[in-house]
Amino acid sequence: MLDRPHPTPAAPSADPFALAKALSGVHFIGGVYVPARSGRTFAVVNPATGAEVARAAEGDAADVEAAVQNAAKAQKDWAKVPARKRGAMVHQCAQLLKEHVDELGRLIALETGKALRTESRVEAGVVADVFEFFGGLGSELKGESVPFDPKVLSVTVREPLGVVGAIIPWNVPMLLMALKVAPALVAGNSVVVKSAEEAPLAVLRICEIMNRILPPGVFNMVSGFGPECGAPLVTHPLVRKVTFTGSVETGKIVARAAAEKLIPVTLELGGKSPMIVFADCDFDRTVAGALTSMRFTRQGQSCTAASRIYVERPIFDRFVAAMTDAVNGMVMGDPLDEKTDIGTIVSEGQLAKVKAYIAEGTATPGATAHVCSAMPTDPALRKGLFIQPVIFTGLTRDSRLVREEIFGPVTVIQPFDDAEAVLAEANDSDYGLAASLWTNNLKVGLDLAHRLEAGLVQINQNLVVQANLSYGGVKSSGLGKEASLEAMLEHFTHKKTIMVNMA
Ligand code: ADP
Ligand code: MG
């Protein structure tokens with residue numbers, strides 16, 4: 001059903017540069033690649049070198065209109081496909097995506113600067129897993145029978161919402177897209193995704209791959225900027241649900257626009273996630289856990305990054321030293337090189353923002369910046385958006401670095417003496433996405449886990465989003481959950497009541 005021959009190969013490509021070029025200048029609408037109606041494109045840049053690797057179609061309201069019309073038309077037939085069959089098709093997509101894991105890893109590494117071995121290939125694998133998981137849930141779209149009156153059969157059925165608009169960011173674009181698209185499709189909706197301007201390519205490739213299996217128009221992808229391309233998607237009258245991942249600021253704009261239409265909206269926003277380390281923890285495991293919690297391999301560009309680390313005073317100095325040593329051992333370099341642990345920041349704007357926070361922290365009286373890991377020396381990476389990870393000590397709760405989401409490889413470690421006091425500090429935040437506790441005293445750990453204001457609390461680990469586990473924040477971190485069966489039922493269907501009078 002795809003308009004072959006077209007520029008992208010069917011077989012997995014080992015050359016992300018060639019694939020990026022082949023994906024240039026197009027959206028994916030109604031089962032085919034199409035250029036922007038305006039003919040406009042924008043640059044996709046490799047942040048490791050500063051070189052332009054592709055041009056993306058610059059979408060606007062006209063492209064959104066085409067995508068939504070196609071989606072609305074396709075959704076009617078898609079909803080009639082038995083739920084289990086829809087799931088089976090999504091499951092088939094997952095199998096195909098597995099063959100493309102390495103390809104997608106390379107492509108996302110090229111456009112985002114995330115290291116292939118530690119991040120990009122891992123993300124591609126999780127994406128296939130998410131589609132596989134939701135693909136198995138078709139027959140879970142169950143309703144209930146309701147005890148109303150013995151002579152009146154009362155049942156509920158789950159129905160799709162219609163066209164879902166999905167807006168995604170650049171930090172883990174493939175995964176965050178999958179968390180929206182997989183449940184939306186299995187539940188019988190069609191989808192229009194608006195990719196992030198910094199990372200439009202890998203998600204476009206996934207859309208094309210899945211369209212080899214899905215009916216045309218069920219899964220569409222447009223690229224472009226937020227106000228020009230994202231906003232018309234939210235306000236389009238045929239879009240019956242919006243799911244958004246991004247900043248708090250933009251999330252509020254999206255929620256306001258959704259409120260005008262009275263449509264449901266799911267928001268996955270920022271975080272300032274605390275990591276609380278007790279002196280009785282397994283020390284080495286916790287130091288290693290701090291590195292993964294802080295997502296240093298993703299340059300800290302994660303909503304769940306442990307950017308506030310509280311360490312019980314008796315082990316504070318030792319912990320700071322061990323963590324600094326461990327981060328120093330991480331290799332910064334070419335994202336596509338298998339040896340690389342840490343790649344680049346995604347864009348110049350983001351780099352400037354992170355640098356401003358570091359400058360502010362460094363200039364704060366009493367603060368110490370532990371600057372870790374060596375900058376790459378390869379002249380080819382001279383213009384790359386690399387930045388050394390920084391661990392701050394001596395900053396207090398009034399610092400912007402402790403309160404605001406930095407979205408860079410910057411964390412603040414503070415000592416604590418008392419569990420109640422550290423709990424109060426951890427909860428003293430506008431955000432409430434994730435938290436982790438590191439202790440061998442489960443009584444203390446579980447007590448705090450119950451009282452931490454966060455959507456996800458982990459004890460002695462800090463994994464990224466996993467299929468089957470509900471994910472989503474409280475407070476300014478968002479509305480609604482993703483990644484689980486309940487998320488699919490609650491956020492991508494509505495319950496209809498049907499009553500039959502048998503008297
Ligand atoms: P960032 O600061 O990292 O760009 P944003 O929240 O601005 O985070 O972006 C997340 C996604 O939201 C991107 O795909 C972006 O294009 C989109 N976006 C930005 N502004 C709007 C808007 N006004 N309406 C809809 N989508 C938007
Ligand atoms: Mg933005």
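Keep in mind that what you see is a predicted model, and the values were worked out from it rather than measured. Below, each value reflects all heavy atoms present in this structure, side chains not excepted, and no hydrogens, waters or symmetry copies. Order of appearance sets the numbers: ligands from 1, and atoms from 1 within every ligand.
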Show which atoms of ligand 1 fall inside a sub-4.0 Å distance from at least one heavy-atom site of [X].
X    : result
W170 : 3 (O)
A231 : 24 (N), 25 (C)
S195 : 14 (O)
K194 : 13 (C), 14 (O), 15 (C), 16 (O)
A196 : 14 (O)

Handout entry: Of all pairs that satisfy side-chain hydrogen bond (donor to acceptor under 3.5 Å, both in side chains), the ones with a partner from residues 221-236, not counting sequence neighbours
Key =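 Matches after skipping sequence neighbours: E65-H236.
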Exercise for the section: Write out all pairs satisfying side-chain hydrogen bond (donor to acceptor under 3.5 Å, both in side chains) with one or both partners inside residues 98-112, taking only residues at least two apart or from two chains. Expected result: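 Matches after skipping sequence neighbours: K98-E132, H100-E103, D102-R106, D102-R121, E103-R205.
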Give yes or no for whether the N/O distance cutoff of 3.5 Å, strictly under, is met between [X] and ligand 1.
X    : value
S247 : yes
E197 : yes
I168 : yes

Handout entry: Between T245 and K180: side-chain donor-acceptor atoms closer than 3.5 Å
Key =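 The criterion, which ignores hydrogens and geometry beyond distance, is satisfied for K180 and T245.
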Exercise for the section: Using only heavy-atom distances, determine whether the side chains of S293 and N462 contain a donor-acceptor pair under 3.5 Å. Expected result: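 Yes, N462 and S293 have a side-chain donor paired with an acceptor closer than 3.5 Å.
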Problem - Side-chain donor/acceptor of N189 to backbone N/O of L161, under 3.5 Å - result: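 Present.
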Problem - Test: E486 and K481 ion pair at under 4.0 Å - result: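 Looking at K481 together with E486, the answer is no, because their closest N to O distance does not fall below 4.0 Å.
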Problem - Under-4.0 Å salt bridge between D337 and R117 - result: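 No, D337 and R117 are not salt-bridged.
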Exercise for the section: Please confirm whether F407 comes under 4.0 Å of ligand 1, counting heavy atoms of the residue only. Expected result: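 F407 does not count as a contact of ligand 1 under the 4.0 Å cut-off.
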Exercise for the section: Compare L233, I167, I253, V193 and give the one whose heavy atom is closest to atom 26 (N) of ligand 1. Expected result: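 Heavy atom nearest to atom 26 (N) of ligand 1 belongs to I167.
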